[in-house]
Participant: 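Sharing a structure with you now.
Below, chain A is the first sequence line, B the second, and so on; all start at residue 1.
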Number of protein chains: 2
Amino acid sequence: MVELSRKQRELEQRTNEILRVARPILISEGFQGLSMDRVASQMEYAKGTIYNHFPNKEEIVLALAVESMELRRKLFERASGIGGTARIRMMGLGAACEFFTHHCTDDFVLEQWVRNQGIWDKSTEQRQNLIRQCEGRCMELVSGIVRDALMEHALELPDGLTAEELVFGFWAINYGSQILTHTSPSLPALGINNPANAIRIHCCTLLNGFRWQPLMDYATYSNEMAVLMETLTPMFWSIKNEQ
Amino acid sequence: MVELSRKQRELEQRTNEILRVARPILISEGFQGLSMDRVASQMEYAKGTIYNHFPNKEEIVLALAVESMELRRKLFERASGIGGTARIRMMGLGAACEFFTHHCTDDFVLEQWVRNQGIWDKSTEQRQNLIRQCEGRCMELVSGIVRDALMEHALELPDGLTAEELVFGFWAINYGSQILTHTSPSLPALGINNPANAIRIHCCTLLNGFRWQPLMDYATYSNEMAVLMETLTPMFWSIKNEQ
DNA sequence: GTCAATTATTGACGCTGCGTCAGAAAAGTC
DNA sequence: GACTTTTCTGACGCAGCGTCAATAATTGAC
């Protein structure tokens with residue numbers, strides 16, 4: 001039993017090693033660049049052994065994406081625990097998005113693989129559920145803050161907009177800007193020199209536009225965001241230290 | 001010369017036929033599903049002949065993406081010509097985005113291929129320029145409206161935000177929501193039942209938040225958007241009729 | 001109308017990479 | 001130490017990319 005469980009642990013360990021080998025390849029050379037033969041030879045195992053851990057290449061990719069989504073979730077969990085008004089906590093989650101994209105750029109890129117149809121379709125139900133769960137948890141954390149604001153009467157929803165749909169708007173603008181920033185050939189050539197700051201201004205405008213109290217001018221918003229980014233740094237490292 | 005030009009035209013015609021064959025395959029089966037052998041056999045030409053028209057698979061994909069981007073550009077050109085205040089014209093471009101995603105869903109999906117690193121890197125400088133040009137023109141059309149609003153004193157930019165960065169925010173929220181809607185496993189399960197309407201509310205909130213005159217309540221905004229969507233329909237068909 | 005030069009087409013070929021599976025090796029059991 | 005079970009292996013079949021030498025069609029000079 002001890003023996004068996006040791007073996008068990010060794011196998012699990014290897015699953016992890018495969019991911020450690022695959023990750024940099026996927027990041028630097030994309031899906032095409034990642035090959036099972038290459039992973040196998042780099043691990044000094046036969047290809048068949050790799051296939052004992054993952055049924056196909058797509059599952060490796062999705063496993064890496066899940067790791068990255070989990071990292072985001074943990075950051076969100078911590079960020080949502082920051083004290084202050086609901087509005088400050090909402091901004092904290094915006095800061096977490098920004099933090100994640102800037103300091104965990106590889107994870108941000110890896111995460112995107114779950115949006116690839118071909119990869120999604122080849123993956124197991126089990127892993128798909130893991131992804132949905134993680135996404136759901138992140139949504140809960142943010143919509144929870146919106147609900148807090150509603151309870152405290154710091155915010156009132158417009159007719160026909162749910163708390164989740166309010167979150168969706170912030171999700172869309174943050175996600176959209178980050179994808180555009182990462183993949184648009186050259187935003188500066190289009191006149192967009194500081195996309196991150198532009199999105200901060202948009203988010204502040206949105207929050208004020210929904211009359212989410214306390215209202216803030218841009219300077220105050222910007223200062224608060226700077227503080228929040230600082231607050232997130234140690235949180236991030238403590239997550240990293242628990243592996 | 002007439003003879004030569006006839007040949008020339010035949011070749012160009014075939015380039016187009018290749019795209020017509022490749023398009024539905026790419027749409028329904030993705031990049032992996034699209035194979036040069038398959039295109040060749042479906043065209044009843046040898047593979048080598050296909051390679052006389054496109055140096056690799058990626059270029060076919062990007063050529064299709066460019067077609068779709070051009071369609072969007074044309075729609076934007078028409079939409080930006082709609083009469084009314086700058087604010088209404090700005091909303092017209094929002095409506096054009098919505099229209100494009102809902103009525104040209106395949107084109108919306110094809111467009112995304114330009115954001116794929118692996119594909120972008122394999123494509124020719126020439127086609128990359130075509131893409132940048134098209135993107136730049138779309139930006140110009142929208143930022144032109146912002147500048148009109150500034151001239152008419154219907155809008156004032158916050159400190160540190162350029163006209164293009166204002167556009168960027170709307171680009172991000174529209175683009176982000178459309179990608180999320182298309183690729184998120186199940187938004188309804190997250191409580192997002194009407195993403196399109198949610199984004200309309202967010203855009204109205206943003207415009208009002210920036211104090212873009214004339215301010216509108218959500219009901220008015222919604223009505224105006226419905227009118228704009230109607231206005232776009234014949235414009236779209238006239239574009240389609242010029243092929 | 002002929003024919004050499006040019007241009008276009010073909011498909012077999014080399015190569016890479018996925019996923020499989022029968023057999024070899026190692027670990028576990030009694 | 002003889003067996004069963006588990007794990008590992010790498011050659012194999014297959015598919016798809018991009019090439020290129022050989023072949024066919026077209027052109028235009030005379």
Side-chain angles (χ1 to χ4, degrees), chain A residues 1-19 21-22 25-26 28-64 113 116 118-124 127, chain B residues 1-19 21-22 25-26 28-64 113 116 118-124 127:
Chain A
M1 304 78 256
V2 174
E3 208 61 356
L4 189 78
S5 123
R6 194 211 61 200
K7 192 73 199 166
Q8 218 66 25
R9 267 181 287 119
E10 276 175 13
L11 284 190
E12 215 169 290
Q13 176 57 27
R14 195 156 61 215
T15 301
N16 198 45
E17 278 165 29
I18 292 172
L19 294 179
V21 166
I25 301 177
L26 182 60
S28 62
E29 299 178 51
F31 189 73
Q32 305 281 344
L34 180 67
S35 97
M36 296 303 258
D37 289 273
R38 192 168 162 192
V39 171
S41 85
Q42 205 165 323
M43 299 257 319
E44 296 185 288
Y45 277 109
K47 195 160 44 155
T49 303
I50 310 297
Y51 277 93
N52 280 347
H53 294 262
F54 296 95
N56 52 49
K57 197 164 76 148
E58 283 79 0
E59 276 281 294
I60 294 184
V61 172
L62 230 41
L64 285 167
W113 288 107
N116 183 301
I119 291 179
W120 179 264
D121 291 345
K122 270 206 163 186
S123 67
T124 62
R127 214 178 295 274
Chain B
M1 312 71 256
V2 175
E3 208 61 355
L4 189 79
S5 120
R6 193 211 63 202
K7 193 73 198 166
Q8 218 65 27
R9 267 182 286 119
E10 275 176 15
L11 283 190
E12 213 168 291
Q13 176 57 27
R14 195 155 64 214
T15 300
N16 198 45
E17 277 166 28
I18 292 172
L19 295 179
V21 166
I25 301 177
L26 182 60
S28 62
E29 298 178 51
F31 189 73
Q32 305 280 344
L34 180 66
S35 97
M36 295 305 258
D37 289 273
R38 193 168 161 191
V39 170
S41 86
Q42 206 166 319
M43 299 258 318
E44 296 184 290
Y45 277 108
K47 195 160 43 153
T49 303
I50 310 298
Y51 277 94
N52 280 348
H53 294 262
F54 295 97
N56 52 48
K57 197 164 76 147
E58 283 80 1
E59 277 281 296
I60 293 183
V61 172
L62 231 41
L64 285 167
W113 288 107
N116 183 302
I119 290 179
W120 179 264
D121 291 345
K122 269 206 166 188
S123 67
T124 62
R127 214 178 295 274

Participant: Any salt bridge (Lys or Arg N to Asp or Glu O under 4.0 Å) involving residues 29-46 of chain A? Give me the pairs, sequence neighbours left out, ordered by first then second residue.
Facilitator: A:E29-A:R38, A:D37-A:K47
Participant: Looking at D:dT7, C:dG19, D:dT9, which one has an atom nearest to any side-chain atom of A:E58?
Facilitator: C:dG19
Participant: If I take atom CD in residue A:Q8 and atom P in nucleotide C:dG28, what distance separates them, rounded to the nearest angstrom?
Facilitator: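 Value for this atom pair: 11 Å.
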Participant: Can you check the A:H53 NE2 to C:dG19 P distance for me, whole Å?
Facilitator: 16 Å
Participant: Measure from CZ on B:F54 to P on D:dC17 and round the result to the nearest Å.
Facilitator: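 The answer, rounded to whole Å, is 15 Å.
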Participant: From the options C:dT10, D:dG10, C:dG19, select the nucleotide whose nearest atom is closest to the side chain of A:K57.
Facilitator: C:dG19
Participant: Whole angstrom is fine here: how far is it from CD1 in B:I25 over to P in D:dG16?
Facilitator: 11 Å
Participant: Between A:F31 and A:I119, is there a side-chain heavy-atom distance shorter than 4.5 Å?
Facilitator: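 Sidechains of A:F31 and A:I119: in contact.
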Participant: Could you encode protein contacts along nucleotides 20-25 of chain D as a string, one character per nucleotide from 5' to 3', using B for base contact, S for sugar-phosphate-only contact and - for no contact, with a heavy-atom cut-off of under 4.0 Å?
Facilitator: ------
Participant: So do B:L64 and B:W113 actually touch side chain to side chain, heavy atoms under 4.5 Å?
Facilitator: no
Participant: Find the distance between CD (A:Q32) and NZ (A:K57) and round it off to the nearest 0.5 Å.
Facilitator: 6.0 Å
Participant: How close do B:M43 and B:I50 get, heavy atom to heavy atom, and via which atoms?
Facilitator: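 Shortest heavy-atom separation between B:M43 and B:I50 comes out as CG-CD1, 4.4 Å.
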Participant: Take atom OH of B:Y45 and atom P of C:dA8, then tell me their distance rounded to the nearest Å.
Facilitator: 13 Å
Participant: Indicate, with a heavy-atom threshold strictly under 4.0 Å, whether B:N52 touches base, sugar-phosphate, or nothing.
Facilitator: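 Base, at least one base atom sits under 4.0 Å.
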Participant: Report yes if some heavy atom in the side chain of B:L62 is under 4.5 Å from a heavy atom in the side chain of B:F54; otherwise report no.
Facilitator: no
Participant: Residues of residues 31-40 of chain A with any non-hydrogen atom less than 4.0 angstrom from an atom of DNA chain D: list those, numerically ordered, please.
Facilitator: none
Participant: In whole angstroms, how far is the C1' atom of D:dG16 from the CD1 atom of B:I50?
Facilitator: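 Rounded to the whole Å, the gap is 15 Å.
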Participant: Side chain of B:K47 only, please: which of C:dC18, C:dT10, D:dT19 is the nearest?
Facilitator: D:dT19
